[in-house]
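Worksheet: the structure to be examined is printed underneath.
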Amino acid sequence: MANSNIRVRFAPSPTGPLHIGGARTALYNYLFAKKNNGKFILRIEDTDSTRFVDGSEEYIYESLRWLGLNIDEGVLEGGPFGPYKQSQRKDIYFQYVNILLERGWAYYAFDTNEELDAARALYEAEKRNFAYDTSTRLSFVNSLTLDEKETQKRINSGTPYVIRFKMPENFEVTASDIVRGTVTFNTNTLDDKVLFKSADGLPTYHLANIVDDHLMEISHVIRGEEWLPSLPLHVMLYRAFGWESTMPQFAHLPLILKPSGKGKLSKRDGDREGFPVFPLQYTSPQGEVSSGYRESGYFPEAVNNLLALLGWNPGTEQELFNLEELANQFSLERVNKSGARFDPEKARWFNHQYLIAKSNDEIVLDFKKTLKEKGYTSTSEILEKIIGLVKERVNFTHEIWDQSWFFFEAPKSYDNYVVQKRWKDGVSGFMEEFSSVLSNQQDWSAANLKEKTSALITEKNQNFGNIMNAIRLVIVGGSFGPDLFTIIETIGKNETLKRIKAALEILKN
RNA sequence: GGUCCCUUCGUCUAGGGGUUAGGACGCAAGAUUUUCAUUCUUGAAACAGGGGUUCGAUUCCCCUAGGGACUACCA
């Protein structure tokens, strides 16, 4: 049994950015490999030259690197089973499709697109289902209906042809899937899939995939559920090649569905509902920009964590895992069968968890960048203090500014509701007293400041809550923010007195 | 339309022939806090429907309904 030698592959097509569904597939493959001391292989499936998008491969690599999913064998890494890019394996596929032809498992078909379209239209008009299959193949122009000489003549004269798989008639193919159990199909419902295209002389996914998985000694195929319908074809291909005894095991992952409404998660949903569907920001060759998790401020650990739990769980109540814990606990048997709706809210919550778990000095560098954009600088010491004060209130590093700007600049306006509620008779007078008390303080610690302020409130027979809120209004412009005296301590005496003066000018009546 | 897959709180899920059906996100209330947030406590919230099998079904089987994927010389 190939069990002792776990080899899995992630096999994306370079047709654009990697979708988070793809990222999750990569993650599960990686996790499964790590768990079993196996190899994680990256194979680029670029057999559709028409859909190739420049830069996709780099994007895929950068995404996996960002997520920390290390590749053991691949296009860049090399390895004993290369090349790992299908466009470089043309000769191999050609050689193998010939085996199928020789054994009668495949045949040449000369039908043009126009002829096929016409046939489809005809069936549709009669409300019948069209398929190029066991029931119709004899009505088309192919090596089954032409005699050998005519077939050869056409091939030699350069007539375009495809090679189709000759699906056997009426029997049950059963395939087993690790997450779904046994799946059965009748071959009559399957069509004669094109194995080799005429347009570019390249194999289709089905052929290339089976040949490569076999040659690369892949032990487990872990891929999205959208591939489940082609599983019987793939099983039949393994049989046709005589590779059934070493056929990999299959695991079809549930789809990631859009947060609301119907269907699987798409690029549009992210744009509409304000969350990324791509790991990294992506700019299409047409210049269209799509947001990425990285650029939106997500930590890669958080993305791995949330993706891991979208379709899998360990059966315990643990929700926070690092990559290593994930790898230790992961199993294909505990992957869910049903599609999982993506929850942007919970995604943010995951990031929040990772943010608060980080030490302040891990965040400070990032915060400095935001600060620089705003035109401020400060020492790491002060910044770390501020981060510690506000990080529990935010989900992303870039939101720290929204909760801490008043450490750097005075309020530009005062919340009217709070003014109405707190700036009562006597408050202006109190503030003037307060200001002079503050200016006399040698000890500018939050503790001392608090003590002196409390004493003044008592002395002046003022309402404690009211005054405290009024001071807060003066300092930050509203009713929010962390401990008031810590803010005052941090911004310093000069700034505090300035803010009181400014507030008095505007609010004094 | 056809084929296949799926179905536990709004969402992610645990569970599994006899349970007060558990957790998390979100939501609500209360407590703490000089504010807001955090935190803590509490609450509302689910086995799609119908038939079987069984002493007993949310759990097993069947049907229906709903959802999803696929149905290209795309992957």
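Naming: A, B, ... by sequence-line order, numbering from 1 per chain.
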Selection: [range], any non-hydrogen atom under 4.0 Å of RNA chain B:
{"range": "residues 20-29 of chain A", "answer": "none"}
{"range": "residues 170-178 of chain A", "answer": "none"}
{"range": "residues 469-483 of chain A", "answer": "A:Asn469, A:Arg472, A:Ser479, A:Phe480, A:Gly481, A:Pro482, A:Asp483"}

Taking atom [atom1] of [X] and atom [atom2] of [Y], what is their separation to the nearest 0.5 Å?
{"X": "A:His252", "Y": "A:Thr25", "atom1": "NE2", "atom2": "OG1", "value": "10.5 Å"}
{"X": "A:Asp46", "Y": "A:Leu202", "atom1": "CG", "atom2": "CG", "value": "8.0 Å"}
{"X": "A:Tyr59", "Y": "A:Leu64", "atom1": "OH", "atom2": "CG", "value": "10.0 Å"}

Checklist entry - Are any of A:Arg334's side-chain N or O atoms less than 4.0 Å away from OP1 or OP2 of B:rG15? => result yes
Checklist entry - Is the shortest side-chain N/O distance from A:Asn313 to OP1 or OP2 of B:rA14 below 4.0 Å? => result yes
Please give, in whole Å, the distance from [N] [atom2] to [X] [atom1]?
{"X": "A:Ile256", "N": "B:rG68", "atom1": "CD1", "atom2": "P", "value": "16 Å"}
{"X": "A:Ile400", "N": "B:rA37", "atom1": "CD1", "atom2": "P", "value": "19 Å"}
{"X": "A:Tyr354", "N": "B:rC25", "atom1": "OH", "atom2": "P", "value": "14 Å"}
{"X": "A:Leu257", "N": "B:rC5", "atom1": "CG", "atom2": "C1'", "value": "13 Å"}
{"X": "A:Lys337", "N": "B:rG15", "atom1": "NZ", "atom2": "C1'", "value": "14 Å"}
{"X": "A:Asn188", "N": "B:rC4", "atom1": "CG", "atom2": "P", "value": "12 Å"}
{"X": "A:Trp312", "N": "B:rA14", "atom1": "CH2", "atom2": "C1'", "value": "13 Å"}
{"X": "A:Glu126", "N": "B:rG1", "atom1": "CD", "atom2": "P", "value": "19 Å"}

Next on the checklist: Assess whether a salt bridge exists between A:Lys346 and A:Asp343, defined as any Lys/Arg side-chain N lying under 4.0 Å from an Asp/Glu carboxylate O.
Outcome noted: no
Checklist entry - Taking NZ, NE, NH1 and NH2 as the nitrogens, is one of them in A:Glu399 or A:Arg348 under 4.0 Å from a carboxylate oxygen of the other? => result no
Distance between the [atom1] atoms of [N] and [M], in whole angstroms?
{"N": "B:rC6", "M": "B:rA48", "atom1": "P", "result": "15 Å"}
{"N": "B:rC60", "M": "B:rA44", "atom1": "P", "result": "28 Å"}
{"N": "B:rC74", "M": "B:rC12", "atom1": "P", "result": "35 Å"}
{"N": "B:rC63", "M": "B:rU3", "atom1": "P", "result": "13 Å"}
{"N": "B:rC61", "M": "B:rG2", "atom1": "C1'", "result": "26 Å"}
{"N": "B:rA14", "M": "B:rA21", "atom1": "C1'", "result": "10 Å"}
{"N": "B:rU19", "M": "B:rU8", "atom1": "C1'", "result": "14 Å"}
{"N": "B:rC27", "M": "B:rG10", "atom1": "C1'", "result": "9 Å"}

Checklist entry - Which of parallel (below 30°), tilted (30 to 60°) and perpendicular (above 60°) describes A:Phe140 and A:Phe130? => result perpendicular
Checklist entry - Which class fits the ring pair A:His206 and A:His234: parallel under 30°, tilted 30 to 60°, perpendicular over 60°? => result tilted
Can you figure out which of [options] approaches the side chain of [X] most closely?
{"X": "A:Trp349", "options": "B:rA24, B:rU13, B:rG15", "value": "B:rA24"}
{"X": "A:Asn336", "options": "B:rU7, B:rA14, B:rC12", "value": "B:rA14"}
{"X": "A:Glu319", "options": "B:rC6, B:rG23, B:rU34", "value": "B:rG23"}
{"X": "A:Leu228", "options": "B:rC6, B:rC4, B:rC12", "value": "B:rC4"}

Checklist entry - Ring centres of A:Tyr161 and A:Tyr108 under 6.0 Å apart? => result yes
Item to check | By side chain to side chain donor-acceptor pair (under 3.5 Å) - contacts of A:Thr15 (at least two apart) | outcome: none
Item to check | Heavy-atom protein contacts under 4.0 Å, nucleotides 70-75 of chain B, coded B base, S sugar-phosphate only, - none | outcome: S--BBB
Taking a pair as Watson-Crick or G-U wobble with both distances under 3.5 Å, which nucleotide is matched to [N]?
{"N": "B:rA28", "result": "B:rU42"}
{"N": "B:rG66", "result": "B:rC6"}
{"N": "B:rA57", "result": "none"}

Next on the checklist: Would A:Arg128 pass as a cation-pi partner of A:Tyr123, given that its NZ or CZ must be under 6.0 Å from the six-membered ring centre and within 45 degrees of the axis?
Outcome noted: yes
Checklist entry - Between A:Lys193 and A:Tyr132, is any pair of side-chain heavy atoms under 4.5 Å apart? => result no
Item to check | Min side-chain heavy-atom separation A:Phe110-A:Ile155 under 4.5 Å | outcome: yes
Checklist entry - A:His352 or A:Thr182: which one's nearest nucleotide on RNA chain B is closer to the 5' end? => result A:Thr182
Checklist entry - Backbone N or O of A:Asp192 within a donor-acceptor pair of the A:Arg164 side chain at under 3.5 Å? => result yes
Next on the checklist: I'd like to know if the side chain of A:Arg499 and the backbone of A:Ile475 have a donor-acceptor N/O pair within less than 3.5 Å.
Outcome noted: yes
Checklist entry - NA contact type, A:Gly263, heavy-atom cut-off 4.0 Å: base, sugar-phosphate, or nothing? => result sugar-phosphate
Next on the checklist: Please determine whether side chain to side chain contact (heavy atoms under 4.5 Å, CB included) holds for the pair A:Val277 and A:Ser290, giving the CA-CA distance in whole Å, both sets of side-chain angles, and the decisive distance to 0.1 Å.
Outcome noted: CA-CA 8 Å; A:Val277 298; A:Ser290 303; over 6 Å; no
Next on the checklist: According to salt bridge (charged side-chain N to carboxylate O under 4.0 Å, His left out), does anything in residues 223-237 of chain A pair up with another residue at least two apart or in another chain? List the pairs.
Outcome noted: A:Arg180-A:Glu225
